[in-house]
Undergrad: 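Mind having a look at this structure? Questions to follow.
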Amino acid sequence: MRNTLNYFYEKLAGIYARNEIKSICFMVMQNICNCSRTDLLVADSINLTDEQKSRFDALMERLLNREPIQYIIGSCHFFDIELNVNNNVLIPRPETEELVDWILNDNANEVGSLFDICTGSGCIAISIKKTKPNFRVSALDLSEGAIETAQENARKNNCDIEFITDDILSPKHLAEAKHDIIVSNPPYVKEEEKADMEANVLEYEPAMALFVPDENPLLFYDAIGRYSLTHLNKGGKLYFEINEALGNETVALLEKIGFQNVTLKKDIFGKDRMVRAQL
Ligand code: GLN
């Protein structure tokens with residue numbers, strides 16, 4: 001594996017950091033050889049068949065074009081589950097795992113219903129349903145491609161979740177149902193932040209899942225906050241993943257809408273990343 005790893009370091013230097021290259025290398029080799037990480041670690045040498053070599057070369061070419069490895073192999077891991085991903089959905093981020101972890105710890109003894117708005121791959125809804133099968137879970141997205149992927153992921157993980165295709169900014173198909181928890185990781189990256197982003201995100205991930213106008217970056221928080229005001233049960237909780245630069249503004253907005261106990265939480269990098277609000 002050492003030689004293979006060195007080959008990856010050499011090829012992908014300048015595109016990814018060393019630790020990222022290492023995890024990409026393992027994902028590629030596990031996929032090509034159809035084996036576990038441990039199999040690779042204990043192997044003295046890795047001999048590829050001609051067919052595997054040509055798949056390897058094709059895959060390396062796509063990596064050199066900065067296509068994310070998760071899209072190339074079509075799957076990723078999130079919170080102990082495997083999810084299919086394609087360019088209709090964002091690749092789930094570790095900070096979203098922290099949000100799921102917060103919700104699960106916070107509601108360890110609760111039973112009720114949860115609604116995930118802007119579900120994308122379904123990562124939040126599915127990881128919560130998987131851990132708390134007694135929860136009634138529903139999830140919404142505007143993108144039909146995202147809803148299809150999320151449905152596939154729910155089936156793959158044996159989760160019974162209701163999916164709705166609708167626009168939370170002007171909903172047309174939403175029932176009057178009330179929930180105990182509403183959660184959302186909506187688009188929150190300002191257009192002006194594009195300048196600091198990498199090609200692997202900008203050229204491959206769905207812009208509609210990422211970007212919001214510079215002059216109104218909290219539009220989803222405003223719409224989801226107002227929706228939640230009338231669709232959360234008394235004492236219900238609203239959870240958001242947020243733009244690290246807009247923590248105080250998001251808190252102020254939710255307080256203005258009428259929420260109480262609005263709490264900001266940092267991610268493991270010390271950045272303002274999550275908010276919880278109570279009705
Ligand atoms: N955290 C994601 C990123 O940095 C953005 C997710 C979102 O817009 N909801 O690309």
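One-based numbering, in listed order, for ligands and for the atoms of each.
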Undergrad: With respect to Y188, determine whether any N or O atom, backbone or side chain, lies less than 3.5 Å from an N or O atom of ligand 1.
TA: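 Yes, there is a polar N/O contact under 3.5 Å.
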Undergrad: Do the charged groups of D222 and R226 touch, with an N to O distance under 4.0 Å?
TA: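 Result for this pair is yes, salt bridge flagged.
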Undergrad: Does atom CD (E191) have a neighbourhood of more than 12 heavy atoms from anything else shown, all under 6.0 Å?
TA: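 Yes, CD of E191 has more than 12 neighbouring heavy atoms, counting only those of other groups under 6.0 Å.
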Undergrad: What do the steps show when you test E241 against Y188 for side-chain hydrogen bond (donor to acceptor under 3.5 Å, both in side chains), and what is the final call?
TA: CA-CA 9 Å; E241 183 175 314; Y188 61 63; 2.6 Å; yes
Undergrad: If the test is side-chain contact (heavy atoms from CB on, under 4.5 Å), which one of L238, V137, I164 qualifies with F115?
TA: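 In the set L238, V137, I164, the residue that makes a side-chain contact (heavy atoms from CB on, under 4.5 Å) with F115 is I164.
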Undergrad: Return yes or no for this condition: an N or O of P186 is under 3.5 Å from an N or O of ligand 1.
TA: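 Yes; at least one N/O pair falls below 3.5 Å.
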Undergrad: Report, in ascending order of atom number, the atoms of ligand 1 lying under 4.0 Å from any heavy atom of N185.
TA: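 Matching atoms, with element in brackets: 7 (C), 9 (N).
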Undergrad: Do F240 and Y221 have ring centroids that are under 6.0 Å from one another?
TA: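 Judged by ring-centre distance (under 6.0 Å), Y221 and F240 do meet the cut-off.
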Undergrad: Who's the nearest protein heavy-atom neighbour of atom 10 (O) of ligand 1, and how far?
TA: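 Among all protein heavy atoms, the one nearest atom 10 (O) of ligand 1 is R93 NH2, 2.8 Å.
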Undergrad: Of all the heavy atoms in A209, does at least one lie under 4.0 Å from an atom in ligand 1?
TA: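 A209: in contact with ligand 1 (<4.0 Å).
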Undergrad: Between E249 and K190, is the closest basic N to carboxylate O distance under 4.0 Å?
TA: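 Not counted as a salt bridge, because no side-chain N and carboxylate O are separated by less than 4.0 Å.
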Undergrad: Just jot down the ligand 1 atoms closer than 4.0 angstrom to any heavy atom of E95, in number order.
TA: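 Near E95, meaning under 4.0 Å from one of its heavy atoms, ligand 1 has 1 (N).
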Undergrad: Determine whether any heavy atom of L210 lies closer than 4.0 Å to an atom of ligand 1.
TA: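 For ligand 1, residue contact (heavy atoms, under 4.0 Å) with L210 is present.
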Undergrad: Can you list the atoms of ligand 1 that are under 4.0 Å from a heavy atom of E241?
TA: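 Reading through ligand 1 atom by atom, the close ones are 1 (N).
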Undergrad: Using a 4.0 Å heavy-atom threshold (strictly under), name the region of E205 that reaches ligand 1: side chain, backbone, both or neither.
TA: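 Within the 4.0 Å criterion, E205 makes no contact with ligand 1.
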Undergrad: Assess the pair Y239 and F259: is the distance between their ring centroids shorter than 6.0 Å?
TA: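 Not under 6.0 Å, so no.
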